[in-house]
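For ligands, and for the atoms within them, numbers begin at 1 and follow the listed sequence. Reckoned from all heavy atoms, side chains included, excluding hydrogens, waters and symmetry mates.
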Amino acid sequence: MRIVLTGAAGFLGSHLTDRLIQEGHQVIGLDNFITGDEANIAHLFNNPAFQLIRQDVSTYIDIPGQIDYVMHFASPASPNPASPLGYPNLPIQTLKAGALGTLNTLGLAKAHQAKYLLASTSEVYGDPQIHPQPETYWGNCDPIGPRSVYDEAKRFAEALTMAYHRFHGVDTHIVRIFNTFGPRMRLDDGRVVPNFILQALHHQALTIYGSGEQTRSFCFVTDLVEGIFRLMWTDMHDPVNIGNPNETTIRDFALLINELTGNEAGTVTLFAEGLGDDPQKRQPDITRARELLNWEPQVDLRSGLRETIAYFQTKIG
Ligand code: UDP
C-alpha cells in the first residue's frame with residue numbers, strides 16, 4: 001500500500017514509518033520539522049519505500065498518484081505550558097495541526113478514497129472523573145485552560161473525523177494514545193520522561209510538580225505501534241484507547257528513574273500546590289483494544305525505561 005503519514009519525523013511517526021516499511025508498504029512522510037527531527041528518519045533517506053515531503057499540514061496537501069491510507073500524526077507534543085523546562089509552548093501551531101491538519105488530511109483521504117487514521121489522545125478525557133477511562137467517557141476538559149490548545153484541537157479532530165466518516169463515508173479510525181515513551185522522544189519536549197531521565201543522567205534532583213501523587217500509565221512505543229497497526233485494518237470507526245494500564249504515581253516513577261540510573265540526587269518539589277490543570281489520574285481502560293485487536297502491552301516499564309535511558313545516554317554523549 002502507498003501510505004501518507006504526517007509527522008513522520010516525530011517520535012511516534014518515525015517508529016510507525018519503520019513498522020509500515022518493514023511490513024512492505026510505501027510511506028510518504030510529511031513533516032515541517034518544527035518539532036520533528038531528521039535524525040529520526042535519516043536511516044530511511046536512501047530507502048526507495050520512503051519519500052519525504054517537507055510541509056506544514058495546516059496548508060493544502062496535494063499528492064499525486066494512488067494513496068491507500070492517510071495517517072495523521074503531526075502535532076507538537078503537549079508539555080504543560082507551566083513547565084519551566086522544554087521547548088516553548090506552540091499554542092497556535094498545535095491548534096492548527098489538530099484542526100486544519102485534520103481537515104486537510106481528511107480531504108486528502110476523501111479525494112483518494114483512502115482509509116484514514118487519526119492520532120488522538122487521552123487528553124480528550126481532560127482531568128477525568130471516571131477511572132480508568134473507557135472510550136465511552138466524554139471527558140472533563142476546560143475549553144480555555146492552558147492545555148486547551150491540545151485537548152480541544154484533538155476533540156475537534158475527532159469530531160471532524162467522525163463527520164467525514166458519517167457524511168462522506170470515509171473509512172476512518174481513531175486511536176486515543178495514552179502516555180508513551182521510548183527512544184526518539186525529544187529530549188526537550190518538557191514532559192516527564194525526558195525531564196526525569198535527563199535530570200538523572202546529569203545527577204540532578206528530579207523535579208516533581210506538586211505532591212507527586214498524580215498518576216500516569218506509561219506505554220512503551222513498540223507496544224503502541226503494534227496496537228495502532230492492528231487497529232488500521234479493522235472496521236472499527238469509534239475511538240480505541242491504546243496505552244498501558246499499569247498505573248504509577250509520578251513520585252514512584254521518579255524513584256524508579258533514580259534507581260535505574262543510579263542517581264543519588266533525589267527529588268525536589270516544584271509548584272507545591274501542583275499545576276491547576278494537571279490531570280490527577282490517568283489509566284486507560286483497554287477492554288476494547290483487548291477484545292477487538294487481541295492486543296495487550298508486552299513491554300514492562302523497567303525494560304522499556306532501560307532502553308530509553310540508553311538512547312538518552314547516546315544523545316547526550
Ligand atoms: N511532571 C513532573 N515533573 C516534570 C514534568 C512533568 O512532575 O518535570 C508531571 C506533570 O505534572 C504530570 C506528569 O508528570 O502530572 C506527566 O506530565 P507530562 O507533561 O509528561 O504529560 P501529561 O501531563 O500530558 O500526561
K.L.:
Measure the distances from the heavy atoms of Arg282 to every atom of ligand 1 and state whether one is below 4.0 angstrom.
P.N.:
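Yes, Arg282 has heavy atoms under 4.0 Å from ligand 1.
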
K.L.:
Could you tell me, atom by atom, which parts of ligand 1 come under 4.0 Å of a heavy atom of Ile250?
P.N.:
7 (O), 13 (C), 14 (O)

K.L.:
Geometry only, no angles: is Val192 polar-contacting ligand 1 at N/O separations under 3.5 Å?
P.N.:
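So ligand 1 has an N or O lying under 3.5 Å from an N or O of Val192.
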
K.L.:
Under a heavy-atom criterion of less than 4.0 Å, does Phe271 contact ligand 1?
P.N.:
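Checking ligand 1 against Phe271, which is what was asked, there is no heavy-atom contact under 4.0 Å.
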
K.L.:
Can you confirm, on distance only, whether ligand 1 has an N/O atom lying under 3.5 Å from any N/O atom belonging to Asn195?
P.N.:
yes

K.L.:
Will you find, in the side chains of Tyr116 and Thr161, an N or O donor that is under 3.5 Å from an N or O acceptor?
P.N.:
no

K.L.:
Kindly identify the option in Arg147, Gln214, Glu123 whose heavy atom sits closest to atom 23 (O) of ligand 1.
P.N.:
Arg147

K.L.:
For ligand 1, is there an atom lying under 4.0 Å from some heavy atom of Gln280?
P.N.:
no

K.L.:
Report the part of Arg191 (side chain from C-beta onward, or backbone N, CA, C, O) that has a heavy atom under 4.0 Å from ligand 1; answer both or neither where that applies.
P.N.:
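Arg191 to ligand 1: contacts from backbone and side chain alike.
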
K.L.:
Within a distance under 4.0 Å of any heavy atom of Ile208, pick out the atoms of ligand 1 and give their elements.
P.N.:
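Under 4.0 Å from Ile208, ligand 1 has these atoms: 7 (O).
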
K.L.:
Please give the remaining members of the hydrophobic cluster of Val149, linking ILVMFWY side chains under 4.5 Å, ordered by chain and number.
P.N.:
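Cluster partners of Val149: Leu95.
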
K.L.:
For the atom pair CG (Asn241) and CD1 (Ile286), what is the distance rounded to the nearest 0.5 Å?
P.N.:
9.0 Å

K.L.:
Who gets closest to atom 2 (C) of ligand 1 by heavy atom: Thr249, Thr215, Thr207?
P.N.:
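Selected option, by shortest heavy-atom distance: Thr207.
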
K.L.:
Check whether Asn263 reaches the backbone of Gln204 with its side chain - one donor and one acceptor, N or O, closer than 3.5 Å.
P.N.:
yes

K.L.:
Would you say the ring centers of Phe181 and Phe220 fall short of 6.0 Å from each other?
P.N.:
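Yes.
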
K.L.:
May I have the step-by-step check of salt bridge (charged side-chain N to carboxylate O under 4.0 Å, His left out) for Glu123 and Lys154, ending in yes or no?
P.N.:
CA-CA 8 Å; Glu123 288 276 325; Lys154 292 290 191 182; over 6 Å; no

K.L.:
Should the proximity of Glu213 to ligand 1, defined as any heavy atom under 4.0 Å, be assigned to the side chain, the backbone, both, or neither?
P.N.:
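Within the 4.0 Å criterion, Glu213 makes no contact with ligand 1.
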
K.L.:
Which bit of Asn179 gets closer than 4.0 Å to ligand 1, counting heavy atoms only: side chain, backbone, both or neither?
P.N.:
side chain

K.L.:
Would Asp56 and Thr59 count as a side chain to side chain donor-acceptor pair (under 3.5 Å) if you check the C-alpha gap in whole Å, the side-chain angles of each, and the deciding distance to 0.1 Å?
P.N.:
CA-CA 6 Å; Asp56 180 342; Thr59 61; 5.4 Å; no

K.L.:
Any side-chain hydrogen bond (donor to acceptor under 3.5 Å, both in side chains) pairs touching residues 215-225, not counting sequence neighbours?
P.N.:
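Those involving residues 215-225 are Thr215-Glu247, Arg216-Asp278.
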
